[in-house]
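What follows is a set of notes on a single structure, which appears directly below.
In the text below, chain A, chain B and the rest are named by the order of the sequence lines, each starting its count at 1.
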2 protein chains.
Amino acid sequence: MSRLTLPPQATQVGLAVDVAAFAMHGGELRVLLVQRGALPHARDWALPGGFVYPGEELHEAALRELRTETTVQLEPRHLEQFYTFGEVNRDPRGRIVSVAHLAVLPHGTVHVTAGGHTLGAEWLSAHQPPALAFDHHAILDKAIGRLQLRLEYGNLAMEFLPDTFTLPELQGVYEAVLNRRLDKRNFRKRLLSQGILTPSGERRTGVGRPAQLYRRAKHARIAAL
Amino acid sequence: MSRLTLPPQATQVGLAVDVAAFAMHGGELRVLLVQRGALPHARDWALPGGFVYPGEELHEAALRELRTETTVQLEPRHLEQFYTFGEVNRDPRGRIVSVAHLAVLPHGTVHVTAGGHTLGAEWLSAHQPPALAFDHHAILDKAIGRLQLRLEYGNLAMEFLPDTFTLPELQGVYEAVLNRRLDKRNFRKRLLSQGILTPSGERRTGVGRPAQLYRRAKHARIAAL
DNA sequence: CCAAAAGTGTTGCACCTACACCCATGA
DNA sequence: TCATGGGTGTAGGTGCAACACTTTTGG
């Protein structure tokens with residue numbers, strides 16, 4: 001295939017990724033936010049993100065930002081591009097187009113510390129976030145919408161939990177993401193009838209009757225769209 | 001808000017849009033394709049698309065490409081960004097990121113002629129397209145998937161038809177987009193029970209019993225996602 | 001034995017599928 | 001009157017929502 005050059009009318013823009021990374025903490029859906037260390041919007045909260053390197057794929061950039069802007073060690077269990085924000089004036093520095101990604105991290109990834117050039121990184125409430133820089137509020141909104149879609153039509157909820165988990169824990173994920181209460185009996189019937197859970201041993205909690213532990217069945221894939 | 005400049009690490013890439021524009025023709029779902037007039041992929045079929053102008057919004061660029069690469073006069077009834085294709089080597093000219101859009105044009109927009117720098121423009125079968133340039137096959141696939149989603153969970157089908165239409169015509173749209181036959185009685189029950197159709201006068205066709213005409217009800221909006 | 005959380009069934013309703021015949025019109 | 005396409009109803013199955021009590025464990 002011939003090597004050609006970009007035609008003159010090709011608009012050059014800054015290409016960035018932003019990542020809305022979700023995890024459960026304290027029975028609540030949290031999103032990973034960083035406190036910006038540089039202008040514009042210094043000291044404001046923002047989604048982790050930044051410019052894509054030359055020769056770097058979009059999803060690689062998303063992973064890199066997640067690992068350098070914060071100190072998240074674990075791999076995301078799910079990473080998905082969901083929308084591209086390209087409004088002309090969304091960034092005061094010039095035309096910057098951001099391909100927004102949705103990530104889900106398993107339980108146990110709640111310890112983050114500042115990395116890279118950010119002042120801090122924290123898991124904050126996804127449903128009541130603080131004020132955010134740029135158009136990150138719109139990005140977060142759309143990310144939550146996509147996440148809810150993937151819960152109801154995919155099997156994304158298990159990615160929030162460790163390898164083995166109980167049904168009440170799984171229900172807790174659903175309730176936190178959907179932001180409403182669910183009926184215990186109906187929830188169990190629905191999940192168990194899907195055949196995507198395999199029982200293992202028992203588990204004793206501090207208090208109350210012990211719950212059955214499950215792991216995800218061998219099949220059980222996440223819906224495409 | 002302070003005016004700042006792009007930081008040095010900002011990768012500059014070519015920003016493009018591609019449009020998968022659909023319409024009904026000959027009882028079949030068609031997609032608008034252009035025959036490229038320039039390298040790379042000269043003479044190959046491709047989705048209409050091109051570079052975004054500086055200061056131009058993404059959806060404006062999509063509309064402009066639709067109107068200059070081809071001679072489509074009517075406004076699309078629906079225009080929606082659905083995915084961004086940014087693989088490093090998707091275009092031999094360099095790093096070009098394309099924000100792909102889905103458009104639906106009403107009946108009556110089937111006359112297209114070449115415009116701009118293309119050799120030709122035609123409505124071709126969306127389900128059996130010819131070989132396409134670049135990664136446009138993947139773009140078309142994803143566009144059809146999104147279109148099917150919008151049919152089943154939104155009310156997008158009416159946008160393919162003139163202001164007034166019959167139920168058999170509407171069913172034809174569903175069948176063409178979903179690429180399978182539907183039961184006439186079940187289809188009517190479902191659509192009429194949604195209350196998104198308003199009857200108007202009768203209509204006589206050349207042959208057979210005349211069909212009732214409908215128009216879209218005042219409410220009846222398209223689902224977000 | 002008490003507190004706490006896990007676990008369990010039934011019923012009504014809404015929706016979907018499968019399926020075959022009559023009706024209105026123009027030629 | 002015939003060919004053509006429009007229009008209609010029922011019955012079975014499936015999935016979802018509502019709803020309250022019993023079981024198992026640790027303290």
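Here A:E28 pairs with A:R30 in a salt bridge; the nearest charged N to carboxylate O distance falls below 4.0 Å.
The stretch residues 122-140 of chain B participates, sequence neighbours left out, in these salt bridge (charged side-chain N to carboxylate O under 4.0 Å, His left out) pairs: B:R90-B:D135. Applying the ring-ring contact (aromatic ring centres under 6.0 Å, His included) test to residues at least two apart or on different chains, the pairs with a partner in residues 156-178 of chain A are A:Y174-A:F187. For the side chain to side chain donor-acceptor pair (under 3.5 Å) condition, the pairs that include at least one residue of residues 189-200 of chain B, sequence neighbours left out, are B:N186-B:K189.
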Give each protein N/O atom lying under 3.5 Å from an N/O atom of nucleotides 19-24 of chain C, with the pair distance.
residue: C:dC19; atom: N4; partner: B:D183; partner atom: OD2; Å: 3.4
residue: C:dC19; atom: N4; partner: B:R185; partner atom: NE; Å: 3.4
residue: C:dA20; atom: N1; partner: B:R185; partner atom: NH1; Å: 3.1
residue: C:dC23; atom: O2; partner: B:R209; partner atom: NH1; Å: 3.4

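When the C1' atoms of four end pairs are superposed on the next four at each end of the helix from C:dC1-D:dG27 to C:dA27-D:dT1, using five pairs per end, the two resulting axes differ in direction by 10°, to 10°.
By the side-chain hydrogen bond (donor to acceptor under 3.5 Å, both in side chains) test, A:R43 is found to be paired with no residue, residues two or more places apart in sequence or in another chain being considered. Scanning for salt bridge (Lys or Arg N to Asp or Glu O under 4.0 Å) contacts around A:R36 gives an empty result, with sequence neighbours left out. Here B:E60 pairs with B:E56, B:E57 under the side-chain contact (heavy atoms from CB on, under 4.5 Å) rule; sequence neighbours left out. Taking B:E87 as the reference, nothing meets the salt bridge (Lys or Arg N to Asp or Glu O under 4.0 Å) condition, with sequence neighbours excluded. Evaluation of the side-chain hydrogen bond (donor to acceptor under 3.5 Å, both in side chains) rule for A:Q81 yields no partner, not counting sequence neighbours. Partners of B:Q171 by side-chain hydrogen bond (donor to acceptor under 3.5 Å, both in side chains), not counting sequence neighbours, listed by chain and number: B:E175.
For the contact set between residues 168-182 of chain B and DNA chain C, defined by any heavy atom under 4.0 Å, there are no members.
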